[in-house]
Amino acid sequence: MTAHLPSVRRWIEFSLRALDENAERVRSTARVADLRADAYGHGLALVAECLDRHGFEAFVVSPGEDPGDVRTPVVTSADPYGMTGPELFGAAAGWRPVLRVGAEILAVKAVAAGEGVSYGHTWIAPHDTTLALVGAGYAHGVVRRASNTAPVLVGGAPRTIVGVISMDQLTVHLDGAAVSEGDDAVFFGDPDRGEPTLAKWQEATGIRALAITSRLSAGFARSVA
């Protein structure tokens, strides 16, 4: 399956409200906000500006990173005890997700039983079915371990990435889900919308949730909700 478009819609939606709610909740147990690796791909300046009003004792950042003009003291190391973890970013079960991440469906194709998908045919169609080609791949930071395992929401239905993720595309087994070219595939986001969670991607890939978000590239257009 191939598709060529002049531009492909890839998006990240950042929820300031979710970050605020998580910060208020986590402050009962955490004094220091861990904002290393560009706030684990969430955007250091944006996150620091939001958290500056929550009374953390310090922000921990990676060497050379600058959170901008904030009142909260900025350090490059701290005692892990009392420092926030995935909860702040909603990367742990039971916390509000800060990011929703998705991309455009480029093509929908019928395949016959026994037909293989992507490099090495690591996935074989078990019956006559349909696939969706989605315009994001490892060049945009989608972890390759999501191949043949990670969930995606398409057409209002949870489905699975199949075949090996390529540089700029991945394939989803629709298995009856009704979608069209131009629809969105949501990789992870808000479970209240039926979207897979980042925690589910961690479970599926064996990669820490915040390592998954840290890899998301500028190939995704970002917006703040």
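The structure presented is a predicted model; accordingly, all values stated were derived computationally and were not measured.
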Notebook entry, point to check: Does any pair with a residue in residues 155-167 pass side-chain hydrogen bond (donor to acceptor under 3.5 Å, both in side chains), and if so which ones, sequence neighbours excluded?
Noted result: none

Next item on the list: Indicate the atoms forming the closest heavy-atom contact of Pro97 with Ala18, along with that distance.
Entry: O-CB, 3.4 Å

Checklist line | Single-linkage hydrophobic cluster Phe89~Val61, side-chain heavy atoms < 4.5 angstrom | finding: yes

Notebook entry, point to check: Asp128 side chain to Ala113 main-chain N or O, any donor-acceptor pair under 3.5 Å?
Noted result: yes

Item checked: Straight-line distance of Leu106 CG to Arg9 CZ, nearest 0.5 Å -> 9.5 Å

Item checked: Atom of Ala91, atom of Ala209 and distance for their closest heavy-atom approach -> CB-CB, 3.7 Å

Check: Can you find a pair of side-chain heavy atoms, one from Thr205 and one from Ile212, that are under 4.5 Å apart?
Finding: yes

Note to self: Rounded at 0.5 Å granularity, tell me how far CD1 in Ile207 sits from OG1 in Thr213.
What the structure shows: 11.5 Å

Item checked: ILVMFWY cluster, Leu16 and Leu198 together (side-chain gap under 4.5 Å) -> yes

Check: Roughly how far, to the nearest 0.5 Å, is the CG atom of Asp175 from the OG1 atom of Thr129?
Finding: 4.5 Å

Check: With sequence neighbours excluded, what pairs up with Asp52 under the salt bridge (charged side-chain N to carboxylate O under 4.0 Å, His left out) test?
Finding: Arg71

Item checked: OG1 on Thr72 to CG on Leu51, rounded to 0.5 Å -> 8.0 Å

Notebook entry, point to check: Relative to the ring of His42, is the ring of Phe14 parallel (under 30°), tilted (30 to 60°) or perpendicular (over 60°)?
Noted result: perpendicular

Next item on the list: Describe, in one word, how the ring planes of Phe220 and His140 are oriented to each other, choosing from parallel (under 30°), tilted (30 to 60°) and perpendicular (over 60°).
Entry: perpendicular

Note to self: Assess the residue pair Val111 and His127 against the criterion (side chain to side chain contact (heavy atoms under 4.5 Å, CB included)); give the C-alpha distance rounded to whole Å, side-chain angles, the decisive distance to 0.1 Å, and a yes or no.
What the structure shows: CA-CA 8 Å; Val111 295; His127 48 75; over 6 Å; no

Notebook entry, point to check: Got a donor-acceptor contact below 3.5 angstrom from the Arg145 side chain to the Ala150 backbone?
Noted result: no

Check: Ignoring hydrogens and geometry, is there a side-chain-to-backbone donor-acceptor pair from Arg10 to Gly102 under 3.5 Å?
Finding: no

Next item on the list: Can you see which heavy atom on Pro67 is nearest to which on Glu65, and at what distance?
Entry: CD-O, 4.0 Å

Next item on the list: Check whether any side-chain heavy atom of Trp123 sits under 4.5 Å from a side-chain heavy atom of Leu131, and report yes or no.
Entry: yes

Item checked: Minimum-distance pair of heavy atoms, taken over all atoms of Ile165 and Gly137 -> CG2-CA, 3.8 Å

Next item on the list: State, yes or no, whether a side-chain contact exists between Arg193 and Leu153 at a heavy-atom distance under 4.5 Å.
Entry: no

Check: Does a side-chain heavy-atom distance below 4.5 Å link Val179 with Val108?
Finding: yes

Margin query: Could you check whether atom CD of Glu49 has more than 12 heavy atoms from other residues, nucleotides or ligands sitting under 6.0 Å from it?
Written below: no

Checklist line | Beyond-backbone contact of Val32 with Phe59, side-chain heavy atoms, under 4.5 angstrom | finding: no

Next item on the list: Would you check, one step at a time, whether the test salt bridge (Lys or Arg N to Asp or Glu O under 4.0 Å) holds for Glu21 with Arg17?
Entry: CA-CA 6 Å; Glu21 290 184 9; Arg17 180 177 179 181; 3.1 Å; yes

Check: Can you tell if the side chain of Val134 reaches within under 4.5 Å of the side chain of Glu104, non-hydrogen atoms only?
Finding: no

Margin query: Grouping I, L, V, M, F, W and Y whenever their side-chain heavy atoms are under 4.5 Å apart, do Leu46 and Leu44 come out in a common cluster?
Written below: yes

Check: Are any non-hydrogen side-chain atoms of Val60 and Met83 less than 4.5 angstrom apart?
Finding: yes

Note to self: Would you say Val164 ends up clustered with Val117 if hydrophobic residues are merged whenever their side chains have heavy atoms under 4.5 Å apart, either directly or through other cluster members?
What the structure shows: no

Notebook entry, point to check: Is a donor on one side and an acceptor on the other found under 3.5 Å between the side chain of Asn148 and the backbone of Gly163?
Noted result: yes

Note to self: Quick check with a 6.0 Å cut-off and a 45 degree axis cone: is Arg27 positioned over the face of Phe56's six-membered ring?
What the structure shows: yes

Checklist line | Sidechain-backbone polar pair: Trp11 side chain, Val101 backbone, donor-acceptor under 3.5 Å | finding: no

Notebook entry, point to check: Applying the 4.5 Å side-chain criterion to the ILVMFWY set and letting contacts propagate, would Ile161 and Val186 be lumped into a single cluster?
Noted result: no

Notebook entry, point to check: Taking all non-hydrogen atoms of both residues, which atom of Asp20 and which atom of Cys50 are closest, and how far apart?
Noted result: OD1-SG, 3.4 Å

Margin query: Between Asp34 and Tyr40, is there a side-chain donor-acceptor contact under 3.5 Å, judged purely by atom types and distance?
Written below: yes

Notebook entry, point to check: Which atoms form the tightest heavy-atom contact between Ser217 and Ala139, and what is the distance?
Noted result: OG-O, 3.9 Å

Check: With no hydrogens and no angle check, is any side-chain donor or acceptor of Trp201 less than 3.5 Å from a backbone partner on Ala146?
Finding: no

Next item on the list: For the residue pair Val152 and Phe188, establish whether any side-chain heavy-atom pair is separated by less than 4.5 Å.
Entry: no

Next item on the list: Carefully, step by step, assess Thr76 and Arg36 under the rule side chain to side chain contact (heavy atoms under 4.5 Å, CB included).
Entry: CA-CA 8 Å; Thr76 55; Arg36 290 173 291 182; over 6 Å; no

Check: How many angstroms lie between CZ in Arg96 and OG1 in Thr197, if you round to the nearest 0.5 Å?
Finding: 14.5 Å

Note to self: If you apply the rule side chain to side chain contact (heavy atoms under 4.5 Å, CB included), what do you find for Lys200 with Glu195, and how did you get there?
What the structure shows: CA-CA 10 Å; Lys200 285 289 187 183; Glu195 297 164 354; over 6 Å; no

Next item on the list: Would you indicate whether Asp79, at its atom CG, is surrounded by more than 12 heavy atoms from other residues, nucleotides or ligands within a distance under 6.0 Å?
Entry: yes

Margin query: As an exercise, state the distance from OG1 of Thr171 to CD1 of Ile105, rounded to the nearest 0.5 Å.
Written below: 11.0 Å

